[in-house]
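Just so it is clear: chains get the letters A, B, ... in the order the sequence lines come, proteins before strands, and each one is counted from 1. These numbers come from the heavy atoms of this one structure, side chains and all, not from hydrogens, waters or symmetry mates.
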Protein chains: 2
Amino acid sequence: MLSPSTTPVRQSSVRAHNLALVLHTVANGANHPSRAAIAAATGLTRATVSALVDDLVAGGLLVEVDPPPRTGAGRPAAGLALTSTGPAGLGCEINVDYLAACVVDLTGAVRQRFAEHADQRPADPAHALAALGRLAARARLAAEADGLIVAGAALAVPGLVGDGGLVRVAPNLGWQDVDAVAALRAVPELADLPITVDNEANLAALGELRVSGGDPAFLYVSGEVGIGAGLVIGGELYRGVRGWSGEIGHVTVYPDGRECRCGSRGCLEQYAGQEALADDVPRAAAALGIALSAVVNLLDVPVIVLGGAYAPIFAALRDGIETELRRRVLTAGLAPVTLRPAALGADAAMRGAADTIIRGVREDPAAWLRARA
Amino acid sequence: MLSPSTTPVRQSSVRAHNLALVLHTVANGANHPSRAAIAAATGLTRATVSALVDDLVAGGLLVEVDPPPRTGAGRPAAGLALTSTGPAGLGCEINVDYLAACVVDLTGAVRQRFAEHADQRPADPAHALAALGRLAARARLAAEADGLIVAGAALAVPGLVGDGGLVRVAPNLGWQDVDAVAALRAVPELADLPITVDNEANLAALGELRVSGGDPAFLYVSGEVGIGAGLVIGGELYRGVRGWSGEIGHVTVYPDGRECRCGSRGCLEQYAGQEALADDVPRAAAALGIALSAVVNLLDVPVIVLGGAYAPIFAALRDGIETELRRRVLTAGLAPVTLRPAALGADAAMRGAADTIIRGVREDPAAWLRARA
DNA sequence: TCAAATAATTCAACCACTAAACAATTTCAG
DNA sequence: CTGAAATTGTTTAGTGGTTGAATTATTTGA
């Protein structure tokens, strides 16, 4: 069955779906599958796959490459691969001490990367975003000189993002109601791009999803100055109704505990934020364990990935967290919760941002072909 | 676009999708829409809608009824409505002091309802389920005498349910690893039905979704002996990776607080479960507020529905909960969290269970038509 | 009484997929 | 060295489902 929705479906939707299916199979399947292998993997006929592949090759999304090693008799296959000269995503990140932009191609490879280290807190938002825009523009031009076509840009910010890319609050940057999309679009070299803005932890979770490959459901916890989380379920990011999910840093751990900047008491951030972390690792681990137990009890998430400042000290945190999980997760006895460090380092959010763009092309190649026609 | 998935799509899937779309439009749209109105609402052509409606009428899912009041000139329309003599769902519930079964027709109307009050804790699972099975069989026979066709049964239990309807743990019933599906299927009158089992709070959330209509995203909190929760997002129930989401009763509220039956300390259940509730309502409200704040911070859920034992004392709980939400939810200042009592009473879970069956028919009418052919 | 309006059906055209036959290219047995 | 078997990829006729335009049906209102 197709997804329940309120829009009609016609033959062109079938084509769009199956184009995405073929592209997905090439991207996530074995090395350089043949048309016949794609047909076998998807259940489509070889005739249909051939027609779909023709469209994707003509549209510059797939290329024929050397076939996989032969096995037995028969006409040799033509291998298919994602192109490395087609659409690409521009990922940007602004953080407390860090500006960065990168370009990722359809295969997921990072083709350009520019970063600038500097404390952004004294700068006003307009200046910081202008500097980031210049960085992004350089990345875009360098990528396009390489034959890539930047299909869009996404920006990761450590804060709450509202509709239209409006940054409602970014406490650690001192921002409030900043129109980041407009600021980036003001850079001439970026003016023609679709630009989106999203929370840093959400995008880092997507970055982790891309590189880790395996887990279709996990919680990514990002320990920075603040603590954010990105929830991936069924291979997709869950953003919440208004896009404000994942604020694990302000989950109450000790109801009458330390005062928090947010006005509450006993927030996780006060015990496991970057500052508290320096003081008392065991207590941070316990606090994390308590908050994560709540997540697992509520959402039944089987895997937790620790990123940001937590990744390098994963070994020191592990025991303390797991002790609390064992004690406090109701289903701990039925199935364990897996804890692991993040695979990507500081670039996770930026990589995830770029990934949202290429993800868009991969999930709806028909739209890309139409636009390129 | 269609949903990304790993299965191919063919013309028959288009048909299946559009049949569901038409049925959905009749079910959720204005009163008794005409074919032309459906075409306008869905974007399909009138020719296509006519063909789809023919199939649905022939398959006994839609009936022509008196048209809506005329407005101006033109040939009068034929109104369409869900049939009340077609497929129906059998909903069952077993709880600490309560057995019940009901039959709900395609329109959502309760057509049969049987209940038996008795403490189930002394009875062993087999006896209790046999008694429930007899109740369900009576409901089914009475419904089928009315022209309904029971398409399946669903059972609500206060516990964790694993694959294949195995009840892994139901603490308040004292159950462990009970094969509830097999027990119900042992009743001859139910042997031919597809039977599913789900958590009581999850199903109550679905029941609430059906009657409340409006909110596409909310958390339903069920205060019984234990405390469960069902999360609805985008009009669908979120079950978690293993179906064990919603265990809000064992979210830690006071890390060093009262010991809980589960082996942990400071679980919400110890402060806001039915027993604690009798002692100290303000404290229960505060504890609920703390746990719910965690949910909102993590998931950005805009609406919380209080059901079970909480519904009748909603007024007494409201202030205490809202105080904590205001203090502890990071985004409380950006958009308020709505708190409201459940619309359905004790029958919520049973209604939700029956609803899963008719939901199945509504979401894939093509499968029903094929089976009836 | 007839024109205008609206509802529903019919029919030719189109699009995408399937199934089966065919063409191309290789392996391997004799 | 030759030809049968195997495998890939293409071609072609057929089918199912939607569209759009024409047609039929039925009512209102000038």
Side-chain angles (χ1 to χ4, degrees), chain A residues 1-2 7-22 25-26 30 32-58 62 64-80 365-366 369-370, chain B residues 1-2 7-22 26 30 32-58 62 64-80 365-366 369-370 373:
Chain A
M1 259 296 289
L2 305 185
T7 51
V9 164
R10 28 196 124 254
Q11 282 91 330
S12 63
S13 329
V14 172
R15 188 74 170 180
H17 177 101
N18 287 338
L19 281 168
L21 179 59
V22 168
T25 306
V26 175
H32 304 170
S34 65
R35 291 164 174 79
I38 295 171
T42 59
L44 295 163
T45 63
R46 280 177 299 157
T48 303
V49 170
S50 276
L52 293 166
V53 165
D54 285 349
D55 278 9
L56 292 169
V57 170
L62 289 183
E64 290 208 347
V65 296
D66 286 346
R70 308 294 320 280
T71 64
R75 169 175 168 176
L80 293 164
L369 299 183
R370 227 178 302 126
Chain B
M1 258 298 289
L2 305 184
T7 51
V9 163
R10 28 197 124 254
Q11 281 92 326
S12 63
S13 331
V14 172
R15 188 72 167 182
H17 176 101
N18 287 338
L19 282 168
L21 179 59
V22 167
V26 174
H32 304 170
S34 64
R35 291 165 174 78
I38 295 171
T42 57
L44 294 164
T45 63
R46 279 176 302 163
T48 304
V49 170
S50 276
L52 292 165
V53 165
D54 285 351
D55 278 10
L56 292 170
V57 169
L62 288 183
E64 292 207 347
V65 296
D66 286 345
R70 310 293 320 281
T71 64
R75 170 175 168 178
L80 293 165
L369 300 183
R370 227 178 300 126

With Leu21(B) as reference, evaluate Val26(B), Ile38(B), Thr42(B) under the side-chain contact (heavy atoms from CB on, under 4.5 Å) test and give the passing residue.
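Result: among Val26(B), Ile38(B), Thr42(B), Thr42(B) is the only option passing the side-chain contact (heavy atoms from CB on, under 4.5 Å) with Leu21(B).
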
Can you check whether Glu64(B) reaches Leu80(B) side chain to side chain, under 4.5 Å on heavy atoms?
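They are in contact (side-chain heavy atoms under 4.5 Å apart), so the answer is yes.
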
Kindly indicate whether the side chain of Arg15(B), heavy atoms from C-beta on, has any atom under 4.5 Å from the side chain of Asp55(B).
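Side-chain contact under 4.5 Å: yes.
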
Backbone of Arg10(A) reached by a side-chain donor or acceptor of Ser13(A) within 3.5 Å
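Pair found, side chain donor or acceptor close to backbone of Arg10(A).
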
Find which nucleotide of DNA chain C each of Gly79(B) and Arg15(A) is nearest to by heavy atoms, and output the residue with the more 5' nucleotide.
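Going by which nucleotide is closer to the 5' end, it is Gly79(B).
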
Starting at [atom1] of [X] and ending at [atom2] of [N], how long is that distance when rounded to a whole Å?
X	N	atom1	atom2	value
His32(A)	dT8(D)	NE2	P	17 Å
Asp55(A)	dG9(D)	CG	C1'	16 Å
Leu44(B)	dA8(C)	CG	C1'	15 Å
Arg35(A)	dC17(C)	CZ	P	16 Å
Glu64(B)	dA8(C)	CD	C1'	10 Å
Leu19(B)	dT18(D)	CG	C1'	13 Å
Gln11(B)	dC14(C)	CD	P	17 Å

Tell me which nucleotide among dA16(C), dT19(D), dT9(C) gets nearest to the side chain of Asp54(B).
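The closest nucleotide is dT9(C).
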
Using only side-chain N and O atoms of Asn18(B), determine if any of them is under 4.0 Å from OP1 or OP2 of dG17(D).
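Answer is no, no contact under 4.0 Å.
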
Any side-chain N or O of Ser12(A) less than 4.0 Å from the OP1 or OP2 oxygen of dA16(C)?
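For Ser12(A), the contact criterion (side-chain N or O under 4.0 Å from OP1 or OP2 of dA16(C)) is not met.
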
Considering all heavy atoms, the nearest Val9(A)-Val14(B) contact
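Closest approach of Val9(A) to Val14(B): O-CG1, 3.4 Å.
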
What are the two closest heavy atoms between Pro365(A) and Leu19(A), and how far apart are they?
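Smallest heavy-atom distance, with atoms named: CG-C, 3.7 Å.
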
Categorize Ala78(A) for me: base, sugar-phosphate, or nothing, with a 4.0 angstrom heavy-atom threshold over every strand shown.
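Sugar-phosphate, backbone atoms only, no base.
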
Which part of the nucleic acid, if any, lies within contact of Ser50(B), taking any heavy atom under 4.0 Å across all strands shown: a base, the sugar-phosphate backbone alone, or nothing?
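Result for Ser50(B) = base.
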
With the sugar-phosphate defined as primed atoms, P, OP1 and OP2, and the base as all remaining atoms, what B/S/- string results for nucleotides 19-30 of chain C, 5' to 3', for protein heavy atoms under 4.0 Å?
B----BBBS---

Which comes earlier along DNA chain D counting from the 5' end, the contact point of Arg10(A) or that of Ala77(A), where each point is its nearest nucleotide?
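Final value for this comparison: Ala77(A).
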
Mind running side-chain contact (heavy atoms from CB on, under 4.5 Å) on Arg35(A) and Asp54(A) for me, showing each step along the way?
CA-CA 10 Å; Arg35(A) 291 164 174 79; Asp54(A) 285 349; 4.2 Å; yes

